[in-house]
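Read the structure below first, then the notes.
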Amino acid sequence: MTDINEAVSALALATQQSALLRGALTSGFLAHCAGETSVEDLARVTGLGPGRVRDLCVALRAAGVLETDNPDRYRLSTTYAPMLNDGTGTHLANQLGGAAVRARLIEQMFTADGPDRYEDLADTDRAALAASVTLAPSTALARAAMQGVVGGIPAWNDLLAAGDVRYLELGCGLSGALLTMLQLYPRLTAVGVDLSADLLALAKVEAAALGVDDRVRYVIEDATAYTDPEPFDVVFWSQFFFPAATRVKALANAYERLRPGGLLIVPGLIPPGTSAAEPQTSLSVLLTQGWEIPALTTEELCTELTTAGFAGGTVHPSSFATAVVARRL
């Protein structure tokens with residue numbers, strides 16, 4: 001019984017500490033801890049009572065986030081100090097927010113109806129999930145990550161460096177990667193297509209804040225049916241939001257929208273060499289398949305693209321994401 005209690009206690013502790021860290025990030029609390037600061041100063045700048053601030057600092061220290069040489073003065077630990085660099089904290093807060101939503105959905109997997117459908121989620125939950133699988137485009141971290149992904153795919157890199165490029169994202173959601181690319185490549189113009197009007201509304205606000213709204217157009221439409229009079233040079237397909245019943249039509253539309261020789265970019269869910277039995281992968285597979293979305297390996301994705309008529313499916317792993325790249329013949 002002791003072993004079971006310890007195992008469950010560890011899981012319960014991780015859940016609570018995740019919430020503690022996310023609250024500390026999203027509230028701005030940790031931004032005041034970059035250098036050593038006192039409980040009194042933290043209480044003043046946060047507007048929280050000194051007693052609560054002290055308790056929060058003790059809990060954050062126990063989680064390894066803060067460290068101290070004096071019970072009344074705290075600073076970020078060496079491990080967590082990078083959270084304040086290049087937008088890393090924003091990215092991590094988004095991951096934790098998405099994890100909280102996934103946790104509730106995974107619990108629903110034990111019911112006959114299964115998890116709430118993505119389209120039926122509350123707007124805030126859908127936005128949290130979307131933010132957790134994309135980049136925070138206002139951050140230097142996002143720009144560096146996107147440069148790394150594109151740089152690892154020579155055909156994509158050469159195309160973007162050559163000049164004017166028309167870019168279509170099917171299932172764009174918050175379009176963090178797309179908005180990041182618009183900042184990196186001034187001659188890129190784009191269209192984002194999604195059924196979630198709430199997510200597109202947020203994307204439009206972000207595009208305006210970043211000063212790229214004159215080069216992106218958002219369309220509330222089914223990705224399987226969107227048409228455009230002009231062909232695109234690149235289509236990005238967010239495949240891990242597309243149920244099995246929609247995938248053939250989505251790929252057929254992607255093929256139709258591309259110019260001959262144009263690139264199809266598809267993010268992978270299961271990185272090469274990753275076992276489906278690993279904790280994170282197993283949970284991702286569980287949820288996506290609960291939504292009737294196939295959890296394909298990169299090799300299976302390549303086969304899916306070839307079956308749809310695309311050529312040259314190749315796998316490009318990077319530290320941020322794995323992409324499968326193919327061409328329209």
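Each residue takes its place number in the sequence, starting with 1.
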Practice task
Consider only side-chain heavy atoms of I, L, V, M, F, W and Y, link residues closer than 4.5 Å, and tell whether L269 and L296 are in one cluster.
Solution key: no

Handout entry: Point-to-point distance, once rounded to the nearest 0.5 Å, from CD of E221 to OG1 of T227
Key = 6.5 Å

Problem - Ionic contact status for R75 with E67, cut-off 4.0 Å - result: yes

Problem - Heavy-atom pair with the smallest gap, counting every atom of G173 and A203 - result: O-CB, 4.1 Å

Using atom types as modelled, flag every donor-acceptor pair under 3.5 Å from a side chain in residues 145-160 to any protein atom, sequence neighbours excluded.
none

Handout entry: V212 reachable from L135 in the ILVMFWY side-chain graph, under 4.5 Å edges
Key = yes

Problem - Neighbour count above 12 (heavy atom, 6.0 Å) for E40 CD - result: no

Handout entry: R104/D116 ion pair, N-O < 4.0 Å
Key = no

Handout entry: Check against side-chain contact (heavy atoms from CB on, under 4.5 Å), V193 and E169
Key = CA-CA 6 Å; V193 178; E169 182 163 349; over 6 Å; no

Completion exercise
To the nearest 0.5 Å, atom CG of L202 lies from atom OG of S175 at 10.0 Å

Exercise for the section: For G309 and Y255, work out which heavy atoms get closest and say how close. Expected result: O-CE1, 3.4 Å

Practice task
State whether a side-chain donor-acceptor pair under 3.5 Å links N70 with T68.
Solution key: no

Exercise for the section: Answer yes or no: does atom CD of E107 have more than 12 heavy-atom neighbours from other residues, nucleotides or ligands under 6.0 Å? Expected result: no

Exercise for the section: Could you go through the side-chain contact (heavy atoms from CB on, under 4.5 Å) check for S77 and L66 one step at a time? Expected result: CA-CA 5 Å; S77 68; L66 297 182; over 6 Å; no

Handout entry: Polar side-chain atom of T134 near backbone of A130 as donor-acceptor pair, under 3.5 Å
Key = no

Exercise for the section: State whether D72 and R54 are salt-bridged, where the test is any N-O pair (Lys NZ or Arg NE/NH1/NH2 against Asp/Glu carboxylate O) under 4.0 Å. Expected result: yes

Handout entry: Short N-O contact, D123 and R126, less than 4.0 angstrom
Key = yes

Problem - Check ion pair R257-D233 (N to O, under 4.0 angstrom) - result: no

Exercise for the section: Could you tell me whether a side-chain N or O of S196 sits under 3.5 Å from a main-chain N or O of L199, the two making a donor and an acceptor? Expected result: no

Problem - Polar contact flag, side-chain donor to acceptor under 3.5 angstrom, Y118-D120 - result: no

Problem - From CA spacing to verdict: salt bridge (Lys or Arg N to Asp or Glu O under 4.0 Å), K249, D222 - result: CA-CA 10 Å; K249 288 184 178 180; D222 190 324; over 6 Å; no

Problem - Centroid separation F232 to Y167 less than 6.0 Å - result: no

Handout entry: Check: L129 main-chain N/O paired with S132 side-chain donor or acceptor under 3.5 Å
Key = yes

Problem - T26 side chain to R22 backbone, donor-acceptor under 3.5 Å - result: yes

Problem - Side-chain heavy-atom pair T298, T322 within 4.5 angstrom cut-off - result: yes

Exercise for the section: Inspect the surroundings of CZ in R117 and state if more than 12 heavy atoms from other residues, nucleotides or ligands are less than 6.0 Å away. Expected result: yes

Problem - Single-linkage hydrophobic cluster, 4.5 Å side-chain cutoff, V191 and I220 together - result: no

Practice task
Check whether the side chains of S284 and R102 place a donor and an acceptor atom closer than 3.5 Å, and report yes or no.
Solution key: no

Handout entry: Among L264, V266, L263, V315, the one residue meeting side-chain contact (heavy atoms from CB on, under 4.5 Å) with V325
Key = L263

Problem - Residue pair M181 / L188, side-chain heavy-atom distance below 4.5 Å - result: yes

Problem - Pair T314, H316: side-chain N/O donor-acceptor within cut-off below 3.5 Å - result: yes

Exercise for the section: Keeping the roles fixed (side chain from T37, backbone from C33), state whether a donor-acceptor pair exists under 3.5 Å. Expected result: no

Handout entry: Donor-acceptor under 3.5 Å (R327 side chain, F310 main chain)
Key = no

Exercise for the section: Report yes if the side chains of L21 and Y80 come closer than 4.5 Å at any heavy-atom pair, otherwise no. Expected result: yes

Practice task
Could you go through the side-chain contact (heavy atoms from CB on, under 4.5 Å) check for L210 and S138 one step at a time?
Solution key: CA-CA 7 Å; L210 296 170; S138 62; 4.1 Å; yes

Handout entry: Where L200 and C172 come nearest, the two heavy atoms and their spacing
Key = CD2-SG, 3.4 Å

